[in-house]
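No experiment lies behind these values; they were computed from the predicted model shown. Just so it is clear, the values below take in all heavy atoms, side chains as well, and ignore hydrogens, waters and symmetry mates. Letters A, B, ... are given to chains in the order of the sequence lines, protein chains preceding strands, and every chain is numbered from 1.
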Amino acid sequence: MLKIEDLHLSFGGIKALQGISFEAQAGEITGVIGPNGAGKTSLFNAISGFYQPDRGRVWFDGRDITGMAPDRRAALGIARTFQNIALFRGMTVLDNIKLGGHTRLKTGLWGALRYFGPAQREELEFRRDIEERVIDFLEIDHIRKVPITALPYGLQKRVELGRALAMRPQVLLLDEPVAGMNREETADMARFILDVQERFGTTILLVEHDMHMVMDICAHIVVLNFGQQIAEGSPQEVSQNPAVIEAYLGAAA
Amino acid sequence: MINGNLKASYADDERVLDNSYKKAFVYGMMVVLAGFAAFANDYLILVACQMGIMLIAVVGLNVVIGYTGLMSLGHAAFIAVGAYGVTILHNLGAGTVPDAVMPFIAVPVAVAISALIGIVVGLPSLRVKGLYLAVATLAANFIVIFVIEQDLFAPWTGGMTGIETPAPNLAGWVLDDKREMFVLIAVFAFATILTVQNLFRTRVGRAFIAIRDRDYSAEILGISLLRFKLTSFAISAAFCGLAGALLAYFYASILPEQFELALSLQLVAALIVGGMGRTMGPVFGVIVIVMVPEVIKVVFGAVSGGDPSVAQLRAPLQEMAFGFLIIFFLMFEPLGIVHITDRILRALNRWPFARG
Ligand SMILES: Nc1ncnc2c1ncn2[C@@H]1O[C@H](COP(=O)(O)OP(=O)(O)OP(=O)(O)O)[C@@H](O)[C@H]1O
Ligand SMILES: [Mg+2]
């Protein structure tokens with residue numbers, strides 16, 4: 001579904017990615033782990049089109065998207081959440097989620113200026129759809145009209161997932177979805193991520209430091225360290241890999 | 001939360017006039033304006049026409065500055081394009097196109113030309129923001145006026161000395177009276193506000209706001225910055241073009257200097273005073289910006305008692321009042337008059353006790 005091929009990316013002297021290659025299988029959750037500064041977020045930025053890699057390719061559904069602009073990649077079906085939450089803070093939950101529908105909706109300028117007719121029909125249909133498929137699903141119906149700034153951190157993370165789901169993505173990139181959450185919030189989020197995979201068959205790429213969660217829900221794991229891919233395999237294989245143990249112990253020491 | 005704001009369906013929840021206050025206000029305004037058109041004296045009609053024309057332009061400017069977050073100090077250029085466009089088209093069509101049909105061709109064409117020029121002027125917004133964009137749009141304003149003033153184009157534009165403008169004949173209804181023009185302007189002003197309001201009920205308007213608030217998030221949601229920034233400029237230029245067309249019909253003649261930087265600044269000032277990115281912002285802002293000089297004029301007339309040495313202080317005083325007004329709002333109420341009315345409405349709504 002999503003194939004990364006020999007990806008290299010550097011910022012001046014810093015080599016953020018050095019030859020990353022793996023494939024995220026359709027409908028599976030693939031974990032990307034590694035110590036701080038390993039290059040996980042940089043990898044996501046290269047996949048979503050914010051950074052142009054120096055070398056290597058990104059393939060989506062058999063198509064080379066390496067040179068494509070971020071908005072075109074989103075239109076193809078790649079959605080993402082950010083490590084530091086990138087919601088529109090002044091807007092309500094509902095307005096944020098509606099923005100996720102941008103590429104699925106068809107209303108053009110003329111329809112929008114007129115509103116009544118096709119645009120209104122599409123809007124109401126869309127509203128019904130996100131109410132059921134996103135707002136009810138994520139159990140956020142009580143905060144629909146609440147501005148983002150008034151929400152606790154954990155709920156903001158959930159709303160950001162909701163906005164990504166409103167895109168009906170084929171591939172979903174989640175950058176540390178449970179960072180800073182307590183146990184209960186983490187368990188909720190893990191359940192939602194599994195539900196997304198089961199119900200919508202979405203291919204998920206998950207960056208996370210919470211090892212329990214990663215080992216629990218990922219089918220496949222890629223391990224990065226200092227921009228290099230040091231291991232890849234099932235949770236079992238990866239957790240027994242000496243290089244991985246070394247990287248984590250090294251980082252902890 | 002506003003009282004009685006519980007909705008039974010999503011359609012109800014998506015309405016523009018989503019509570020009884022807003023409904024009462026809009027329908028009340030229509031009645032007041034109809035009464036105004038019938039009974040107000042000529043002076044008030046004149047002032048109201050100026051407000052209406054400026055309102056259309058500021059609502060347009062609000063799309064680009066208030067909702068898309070792109071600065072412009074050049075929107076007077078689009079008013080010029082609308083005004084000169086209509087005038088030139090009338091002159092070109094005289095004799096071949098029947099008078100009663102002319103406005104139905106001239107206005108849409110002039111508006112379309114404004115929109116196209118708006119796209120060109122908006123191109124720098126893809127690369128630069130803030131101050132740099134302000135300067136780029138300012139340059140566009142200078143260029144448009146410069147072109148209009150050229151002797152080369154004087155046969156069409158009248159050059160530096162200006163040009164006489166036509167009176168519109170709408171399918172037989174000749175609007176040669178200011179009171180009739182007021183009706184036309186009021187209808188267009190209402191339609192402009194509603195049309196722009198519609199934008200923000202759909203993906204197009206939401207895309208503008210997303211670009212304003214966080215452009216990289218907008219991109220990640222599939223919003224093309226190129227397409228929607230230019231669309232925003234085109235819409236806002238189109239409404240300024242419409243304002244220009246009405247202005248040409250309203251006055252007996254137009255001069256290039258009417259459309260210089262001072263007018264662009266006035267539009268921005270109205271937006272600052274009224275409140276950016278809000279429906280009612282342009283309405284409040286335009287009322288204040290047009291009223292202040294008028295009030296000073298009236299007060300001065302009374303105080304000076306015809307003494308010319310006092311009367312000559314009027315113009316500089318008007319400019320100073322204008323400056324103080326902007327500084328006052330920037331310092332004490334940067335969100336504009338809408339922020340004050342928001343607070344009043346909220347207080348009223350809670351009175352006599354907080355039920356919301
Ligand atoms: N825009 C940038 N400019 C310069 N250097 C950058 C930039 N983005 C990332 N880097 C550098 O690239 C390296 C990888 O950073 P990245 O954010 O991808 O790590 P990460 O694995 O996501 O870490 P964390 O777990 O802390 O989020 C780091 O050394 C970082 O300083
Ligand atoms: Mg990171």
Tell me, side chain or backbone of [X] under 4.5 Å from chain B's heavy atoms, or both, or neither?
{"X": "A:K106", "result": "backbone"}
{"X": "A:A79", "result": "neither"}
{"X": "A:R89", "result": "side chain"}
{"X": "A:L124", "result": "side chain"}
{"X": "A:L173", "result": "neither"}
{"X": "A:L76", "result": "neither"}

Would you compute the distance between atom [atom1] of [X] and atom [atom2] of [Y] and round it to the nearest 0.5 angstrom?
{"X": "A:F116", "Y": "B:R201", "atom1": "CZ", "atom2": "CZ", "value": "5.0 Å"}
{"X": "A:L99", "Y": "B:I220", "atom1": "CG", "atom2": "CD1", "value": "13.5 Å"}
{"X": "B:R227", "Y": "A:L109", "atom1": "CZ", "atom2": "CG", "value": "9.0 Å"}
{"X": "B:T202", "Y": "A:K98", "atom1": "OG1", "atom2": "NZ", "value": "10.0 Å"}
{"X": "B:I209", "Y": "A:D95", "atom1": "CD1", "atom2": "CG", "value": "7.5 Å"}

Would you mind reporting whether [Y] and [X] have side-chain heavy atoms less than 4.5 Å apart?
{"X": "A:L105", "Y": "B:R206", "value": "yes"}
{"X": "A:T103", "Y": "B:L221", "value": "no"}
{"X": "B:S217", "Y": "A:R163", "value": "yes"}

Options A:G49, A:A112, A:A74, ranked by heavy-atom pairs under 4.5 Å with chain B, top entry: A:A112

Between A:E131, A:R72, A:M167, which shows the greatest number of heavy-atom pairs under 4.5 Å with chain B?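 The option with the most such pairs is A:E131.
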
Can you give me the closest heavy-atom contact between [X] and [Y], atom names plus distance?
{"X": "B:Y216", "Y": "A:F50", "answer": "O-CZ, 3.5 Å"}
{"X": "A:L87", "Y": "B:R214", "answer": "O-NE, 3.2 Å"}
{"X": "B:A207", "Y": "A:H102", "answer": "CB-CE1, 3.7 Å"}
{"X": "B:I223", "Y": "A:D71", "answer": "O-CB, 3.5 Å"}

Has [X] got more than 12 heavy atoms of other residues, nucleotides or ligands less than 6.0 Å from its [atom1]?
{"X": "B:R127", "atom1": "CZ", "answer": "no"}
{"X": "A:R63", "atom1": "CZ", "answer": "no"}
{"X": "B:Y132", "atom1": "OH", "answer": "no"}

Does A:F126 form a side chain to side chain contact (heavy atoms under 4.5 Å, CB included) with B:R203? I'd like the steps, not just the answer. CA-CA 11 Å; A:F126 172 56; B:R203 70 193 272 272; over 6 Å; no

Pick from B:T195, B:L194, B:N198: which one makes a side-chain contact (heavy atoms from CB on, under 4.5 Å) with A:Y115? B:N198

Side chain from CB out, backbone as N, CA, C, O: work out which of these in B:S224 comes under 4.5 Å of a heavy atom of chain A, or both, or neither.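 Both backbone and side chain of B:S224 come within 4.5 Å of chain A.
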
Side chain, backbone, both or neither of B:F200 within contact of chain A (heavy atoms, under 4.5 Å):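 For B:F200, there is no contact with chain A at all, as no heavy atom is under 4.5 Å.
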
